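The block underneath contains the structure these notes are about, expressed in structure tokens.
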2 protein chains.
Amino acid sequence: MQDPLSHLPGYALRRAANAMLSELSSRLAAVDLRYADASCLILIDANPAITASALGRALDIQRANMVPLLNRLEGAGLIARTPLDGKSQSLSLTDTGRARLAEARTIIDAFELDLLGMVPAEHRDHLLPALNALWQ
Amino acid sequence: MQDPLSHLPGYALRRAANAMLSELSSRLAAVDLRYADASCLILIDANPAITASALGRALDIQRANMVPLLNRLEGAGLIARTPLDGKSQSLSLTDTGRARLAEARTIIDAFELDLLGMVPAEHRDHLLPALNALWQ
DNA sequence: ACGACATTGTTATGTTATATAACAAATGGG
DNA sequence: CCCATTTGTTATATAACATAACAATGTCGT
């Protein structure tokens, strides 16, 4: 089968991201978290009292789409929303949330190692800077 | 803002792929094609009389999800489905499809150049092999 | 201090991509 | 020739992402 697509960086980027996301998602399912959930927990942990919209901006998720996401995390008892000034609300991890995040980190760290392990050594150190240049 | 996520290859991969896909999609909209449409046209062109399910396998798209995709391409007059053996059907580009593909190629080629141009020179040649190692 | 303007959280809604299960019809290997 | 597999298809569900609108609130310039 002729595959002219593999020569296109954009196509390879898409396929690689899909494969990665699918594998990571299934591993995170073991602790009942989605990819976006884990990202939120990590970012809230690193930025205590961050605002819902600031979190959305950091993750490039629209305000409107943060609502069901945060509802789910709050419903699972992982985060708490505290009114900040009548308009904004500050987000924080509950104890349960911190514990779950610790579990997620174990999974994620192992995953990232496996991911980099798939890349031939001579290309490995170039991957992260190259990828970050594409969006940051 | 603390951003522990940018250090994670998996996260960078996701963000880069999203940024790429969003930009390419909006450029392809100029010729009324989606990302998946363009991929199909390219692959059908490179593999004349390819079967619908073989195309789906090559693109990692489920058989069931190929149906609306191919319906759309056929409805737009870009491809033709020809019964092959009573069970399979062979796909081919119409003249309109070939012309549209030529337009798409111009857009895609320019896009891939721009994409690689965003990557610092010292990392550039490592991107494609690194990405392909992650899924192929 | 006030008024114009921007921001926040939210609801509602739509689209795209992707997943599974089921089906009839047809193929192909043993 | 039979049985497992493949093909195209329908129906359906979920996740991710987008837009528009809204009320309430904050902010900034004057």
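Letters A, B, ... mirror the listed sequences (proteins, then strands); counts begin at 1. Note that the structure is a prediction, hence the values are computed from the model and not measured.
- Rounded to whole Å, the distance from CE on A:Met66 to C1' on D:dT19 is 18 Å.
- When the P atom of C:dT7 is taken as reference, atom CD1 of A:Ile50 falls 17 Å away, rounded to whole Å.
- Taking atom CG on A:Leu70 and atom C1' on C:dG9, their separation rounds to 10 Å, with Å as the unit.
- Salt bridge present: A:Arg105 and A:Asp45 bring a charged side-chain N and a carboxylate O closer than 4.0 Å.
- A donor-acceptor contact closer than 3.5 angstrom links the side chains of A:Ser6 and B:Gln136.
- The side chain of A:Gln89 approaches C:dG9 more closely than any other nucleotide in the set D:dT10, C:dG9, D:dA20.
- One finds no side-chain N or O of B:Arg63 lying less than 4.0 angstrom from the OP1 or OP2 phosphate oxygen of C:dC23.
- Rounded to whole angstrom, the span from the CG atom of B:Leu69 across to the C1' atom of D:dT9 amounts to 15 Å.
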A:Leu55/A:Cys40 under side-chain contact (heavy atoms from CB on, under 4.5 Å): CA gap, chis, key distance, verdict:
CA-CA 7 Å; A:Leu55 181 58; A:Cys40 283; 3.9 Å; yes
Filtered N/O pairs between nucleotides 15-17 of chain D and protein, under 3.5 Å:
residue : atom : partner : partner atom : Å
D:dA15  : OP1  : A:Arg34 : NH2          : 2.8
D:dA15  : OP2  : A:Arg34 : NH2          : 3.4
D:dA16  : OP2  : A:Arg34 : NH1          : 3.3
D:dC17  : OP1  : B:Arg14 : NH2          : 3.2
D:dC17  : OP1  : B:Asn18 : ND2          : 3.2

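- Nucleotide D:dT25 holds its C1' atom 12 Å from the CG atom of A:Leu84, rounded to whole Å.
- At D:dG8, none of the side-chain N or O atoms of B:Arg57 fall inside 4.0 Å of OP1 or OP2 (strictly under the cut-off).
- For the salt bridge (charged side-chain N to carboxylate O under 4.0 Å, His left out) condition, the pairs that include at least one residue of residues 107-132 of chain B, sequence neighbours left out, are B:Arg27-B:Asp114.
- Whole-Å rounding puts the A:Lys87 NZ to C:dC5 C1' distance at 11 Å.
- Contacts of B:Gln2 classified as side-chain hydrogen bond (donor to acceptor under 3.5 Å, both in side chains), with partners at least two apart in sequence or in another chain: none.
- Residues A:Asp37 and A:Arg72 are paired through a salt bridge, judged by an N-O separation under 4.0 Å between the basic side chain and the carboxylate.
- Here B:Ser53 reaches the OP1 or OP2 of D:dG8: one of its side-chain N or O atoms lies under 4.0 Å away.
- Taking atom CG of residue B:Leu28 and atom P of nucleotide C:dA17, one finds them 11 Å apart after rounding to whole Å.
- Within a 6.0 Å sphere centred on CG of A:Asp3, other residues, nucleotides and ligands contribute more than 12 heavy atoms.
- A:Met20 places its CE atom 13 Å from the P atom of C:dT18, with the value rounded to the nearest Å.
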